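Position 1 is the first residue of the sequence, and the numbers go up from there. Here the structure is a predicted model, which means the values were calculated and not measured.
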Amino acid sequence: DAPGLPERQRSLRGALFASWELLPEAERAAFARLGVFASGASLEAAEAVCGRDALDRLSRLIDASLVRRVERHGRSRYVLLESMRAFALERLAERGDEEHARALHAAAMLAFAARAAPFLTDAARDSEWHARCGTSTTISWPRSSGRANGGTGVTTLRLLAGVRLCWLRSGGRWEGIDWAMTGLGLIDPGDAELRAEGLVAAGSLGSDLPTRHAEAETWLSEALELAGRLDRLDLTMASLTALSCASARGGRPEDAGAFS
């Protein structure tokens, strides 16, 4: 019961509770777990979080008007309205299943990012995978994915690394920087390798933004130093490339040339 809510919202919650009470246990579990997706899930992701028989459960939830199926980029996604998602997350916490569901979600998103990465390079430029990253990863993983949302700094930065190239080309730079800062604030400060990866990601995303290029240079300079200590040639090259872009954006073409 929620006596402080307006009448319309109390009526909606009452209807949701009534529908929830009618669900078999398997559908209750699937509905509650689907709440971890911020803006819907592909069937593959739903199966990873809700179980291999997720399609049958989702079909029954659609019949009960609790889940919507939408088509995006030629693929089906299963979506909860925001009010239903909030209700699902309440039930997930009530069932004591939230930590496990979020861990499954994180694992699914990391696996997806790892599969996507080879298709997002300059050489590949696969438009289908760019579209899939836009709907499958950057939206379905909560932006504020810190401890309060069941995430960790490691998970946040690994996921960011997987879809960074997609964000560089799709206008998601600001969100990516927020992710990087969140992740960097959660990891062990002594983890030089992960810190360097996070700084490269943040710096790359900010290097071409007029209001963030100065910060990007600071992040990338530290990343370059760490990469040298770690003997990570890939991070060194990524840092130098992004530093060149940041210097050019800052009106110092002579420095840009030095980093090229």
Is a side-chain N or O of Arg28 found less than 3.5 angstrom from the main chain of Trp20, in a donor-acceptor match? yes
Residues Ala54 and Cys50: closest non-hydrogen pair is CB-CB, 4.2 Å
State, with a plain yes or no, whether a side-chain heavy atom of Trp219 is found less than 4.5 Å away from one of Met181. yes
So, the side chain of Thr236 versus the backbone of Arg232: is there a donor-acceptor pair under 3.5 Å, distance only? yes
With hydrophobic residues grouped by side-chain heavy-atom distances under 4.5 Å, do Val200 and Leu184 end up in a single group? no
Smallest separation among heavy atoms of Leu34 and Ala41, with atom names: CD1-CB, 4.2 Å
For the salt bridge (Lys or Arg N to Asp or Glu O under 4.0 Å) test, which of Arg91, Arg33, Arg102 pairs with Asp97? Arg33
Does the side chain of Leu205 reach to within under 4.5 Å of the side chain of Trp174, using non-hydrogen atoms? no
How about Asp231: does its CG atom have over 12 heavy atoms from other parts shown lying under 6.0 Å from it? no
Which heavy atom in Ala48 sits nearest to a heavy atom in Ala108, and how many Å separate them? CB-CB, 3.7 Å
Which pair of heavy atoms, one from Val49 and one from Ala101, lies closest together, and at what distance? CG1-O, 4.2 Å
So Glu197 and Leu235, side-chain contact (heavy atoms from CB on, under 4.5 Å) or not? Walk me through it. CA-CA 7 Å; Glu197 290 175 359; Leu235 293 179; 4.1 Å; yes
First locate atom CZ of Arg77, then atom CZ of Phe37, and finally report the distance between them rounded to the nearest 0.5 Å. 8.5 Å
Could you state the interatomic distance from CZ (Arg75) to CD (Glu44), rounded to the nearest 0.5 Å? 8.0 Å
Polar side-chain atom of Ser207 near backbone of Ser204 as donor-acceptor pair, under 3.5 Å: yes
Can you find a heavy atom in the side chain of Leu43 that is under 4.5 Å from one in the side chain of Ser76? no
Does any non-hydrogen side-chain atom of Leu186 lie less than 4.5 Å from one of Leu157? no
Can you name the side-chain hydrogen bond (donor to acceptor under 3.5 Å, both in side chains) partners of Arg95, sequence neighbours left out? Glu25
Atom pair CE/CG of Met237 and Leu224 - distance to nearest 0.5 Å: 10.5 Å
For the residue pair Leu61 and Arg69, establish whether any side-chain heavy-atom pair is separated by less than 4.5 Å. no
Specify the closest pair of heavy atoms between Glu47 and Arg52, including all atoms of both residues, with the distance to one decimal. OE2-O, 3.8 Å
One should read off an interatomic distance between Arg195 CZ and Leu230 CG, to the nearest 0.5 angstrom, of 12.5 Å
Met109-Ile187 co-clustered via ILVMFWY side chain contacts under 4.5 Å: yes
Single-linkage hydrophobic cluster Ile62~Leu80, side-chain heavy atoms < 4.5 angstrom: yes
Apply salt bridge (charged side-chain N to carboxylate O under 4.0 Å, His left out) to residues Glu27 and Arg60 and explain how you reach the verdict. CA-CA 8 Å; Glu27 278 70 50; Arg60 288 192 283 270; 2.7 Å; yes
I'd like to check Leu220 versus Leu199 (side-chain heavy atoms, cut-off strictly below 4.5 Å). Are they in contact? no
Going by heavy atoms in the side chains, are Leu92 and Val36 under 4.5 Å from each other? yes
Between Phe87 and Phe17, does the ring centroid distance fall short of 6.0 Å? yes
Taking all heavy atoms of Glu215 and all of Thr211, pick out the closest pair and write down the distance. OE1-O, 4.1 Å
Please examine the side chains of Arg13 and Glu90, heavy atoms only from C-beta on, and report whether any two atoms are closer than 4.5 Å. yes
May I have the step-by-step check of side-chain contact (heavy atoms from CB on, under 4.5 Å) for His100 and Leu104, ending in yes or no? CA-CA 6 Å; His100 182 54; Leu104 291 172; 3.6 Å; yes
So, taking the atom named CZ in Phe112 and the one named OG in Ser42, what distance separates them when rounded to the nearest 0.5 Å? 7.5 Å
Test side-chain contact (heavy atoms from CB on, under 4.5 Å) on Leu16 and Leu66; report intermediate values, then the result. CA-CA 8 Å; Leu16 286 174; Leu66 292 171; 3.9 Å; yes
Could you check whether any side-chain N or O of Asp191 sits under 3.5 Å from a backbone N or O of Leu194, counting only pairs where one atom can act as donor and the other as acceptor? yes
